[in-house]
Number of protein chains: 2
Amino acid sequence: MPNQNCIHCGSKSDAEKHLTQGELTTLGTSCARVNFKKGQLIFQEGNLATNIVYLTSGLVKIHMKGPVSDKILRLTKAPAYLGLPTTIGDKVNQYSATALSNSTACFISLDIFRDFIVQNSGFAYEIILDLCRNELTDYQRYTNLSQKQLPGRLAEILICLSEKIFESTRFELPLSITELADFISSSRESVSRQLSEFTKSKIIKLSGRELEIVNTELLQMICMKG
Amino acid sequence: MPNQNCIHCGSKSDAEKHLTQGELTTLGTSCARVNFKKGQLIFQEGNLATNIVYLTSGLVKIHMKGPVSDKILRLTKAPAYLGLPTTIGDKVNQYSATALSNSTACFISLDIFRDFIVQNSGFAYEIILDLCRNELTDYQRYTNLSQKQLPGRLAEILICLSEKIFESTRFELPLSITELADFISSSRESVSRQLSEFTKSKIIKLSGRELEIVNTELLQMICMKG
DNA sequence: TAAATACTGTGATATATATCACGTTGTCTT
DNA sequence: AAGACAACGTGATATATATCACAGTATTTA
């Protein structure tokens, strides 16, 4: 649906807050808002990257085909840009984005986005900040996940879900066991066993997809100790 | 040494090529060129990030303290910016940079660098491109290293050194065995054994630090198969 | 409603690789 | 030159976790 009114949009990105009225009008003519059901693909590895995607609501996994299985690189919670690096840095998407909950995203023409970067320095600077901050958290997670073993890796993800994504010790697991395994580079069976282990030790409580972190301190300890 | 003549500098970054004569003059007044010996720290995790570092010659490792050992995140060959994300994205460095060979780097005031981003859109766009491309290669390496096992991981690094860094099948290993282990998240002993293994199977030839890839096809195979 | 298909839990076993231990070599220091 | 210190090679052993196998439980499809 063209000619969105981006001027009064309540979910502007930090970068978009720097745009002028005129620029926002331009944005409106080339911005399409799309809804995605849980499980739906938002963009796919190997496809041409023609649009910047800005997630306005929902939770998304960024993932990539690895040599043996799918690899989940990160989770992104709205509001946030999805995959700026692959959209700007390459003609073809290097990874995919899939909705983990019902989500809404705005698709913005890459050309217009590029114009904004060139015309509006405040906009450009916010994009740079965003890229930098994301890379820092990625490095941190990469280092942690690559050196800890299973209990520590799983603890790390659960804490991340609790603190960063849901901001609660009680939430519905947005990832299947298999996906958790893809995230922390383990096997489905091992993750399943470790979750049982955490349940037995009364660190977490699991009923269906509903998860509650009962003993945060201990989980933190396990996360630290690896 | 202040008042460098950046105008006629032969090692401008892609971004700096967009700067005006005036901006280059400004750059000159706040740009210091420093030499580093092999093994020297260029900037350190935990320290205040006040300067953008642009590597004009040499090879550098970007590394970070992990829960059990040091983790090498990437190698960076000149010419390239070193650690833009940590300099721009945080007040404090999240990781360190250490010279793997004798190197030269220019230190540029963060304030002036930020001014360039805001004043000069061509400059800003090149920085964005750089950030995006780096993240893409990092994701790729991350996925590969996290799913392959030792032989595949080691093969991947050797091929990377050969193709990306030295552009030759024969080169002097810039990393110690311990550092190779820190890079691919294995133990020193395992890496040592695997190198012996590769030597026995006539895939590589090692004399001291001098390494030659003899059977590239087989090494590629091992890299692919994991 | 039945059938098919994904997703999950758990035991038994296999295996890659970490760890430990020790000797060797090389490099730096004074 | 001698001592100290770091980097390295390699065997024996321990161990975390992948893999295999199978059964149970949801969820979707016809």
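Not one N or O on the side chain of B:D90 forms a donor-acceptor pair closer than 3.5 Å with the backbone of B:T86. Panel note: side chain A:K148, backbone A:C223; a donor-acceptor pair is recorded below 3.5 Å. Of the possible polar contacts, one joining the B:R141 side chain to the B:L73 backbone as a donor-acceptor pair under 3.5 Å is found.
A pairwise comparison of heavy atoms in B:I112 and B:S30 identifies CD1-OG, 3.1 Å as the closest pair. Counting all heavy atoms, side chain and backbone alike, A:S101 lies closest to A:G58 at OG-CA, 3.5 Å. When all heavy atoms are compared, the tightest approach of A:M64 to B:Y139 is SD-O, 3.9 Å. Minimum heavy-atom separation, A:H63 to A:Y95: O-CB, 3.2 Å. Nearest approach of B:R188 to B:A181, heavy atoms of both residues: N-CB, 3.6 Å. Contact between A:V60 and A:S103 at its shortest, heavy atoms only, is CG2-OG, 4.4 Å.
Applying the side chain to side chain donor-acceptor pair (under 3.5 Å) test to pairs two or more places apart or on separate chains, those with a residue in residues 34-54 of chain B are B:N35-B:T104.
No more than 12 heavy atoms of other residues, nucleotides or ligands shown are found within 6.0 angstrom of CZ on A:R170.
Residues from residues 205-214 of chain B lying near DNA chain C, meaning a heavy-atom separation below 4.0 Å, are absent. Of all the residues in residues 194-201 of chain A, A:S196 reach under 4.0 Å from DNA chain C with at least one non-hydrogen atom.
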Show each protein N/O and nucleotides 20-26 of chain C N/O combination with a separation under 3.5 Å, one pair to a line.
{"unit_1": "C:dC20", "atom_1": "N4", "unit_2": "B:E189", "atom_2": "OE2", "d": "3.4"}

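Atoms NZ and CD1, on B:K61 and B:I72 in that order, are 4.5 Å from each other to the nearest 0.5 Å. Taken to the nearest 0.5 Å, the CG atom of B:L219 stands 11.0 Å off from the CE atom of B:M221.
In this structure, A:S176 reaches the sugar-phosphate backbone alone: every heavy-atom distance under 4.0 Å involves primed, P, OP1 or OP2 atoms, never a base. B:T178 comes within 4.0 angstrom of sugar-phosphate atoms only, judged by non-hydrogen atoms across all strands, and of no base.
Using a 4.5 Å heavy-atom cutoff, the side chains of B:N134 and B:L84 are not in contact.
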With side chain to side chain donor-acceptor pair (under 3.5 Å) as the test, would you mind laying out the steps for B:S13 and B:E126 before giving the verdict? CA-CA 9 Å; B:S13 72; B:E126 289 292 340; over 6 Å; no

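Inter-axis angle, ends of the helix from C:dT1-D:dA30 to C:dT30-D:dA1, five pairs per end, rounded to 10 degrees: 50°.
Reading DNA chain D from its 5' end, the first and the last nucleotide to sit under 4.0 Å from a heavy atom of chain B are D:dC8 to D:dA12.
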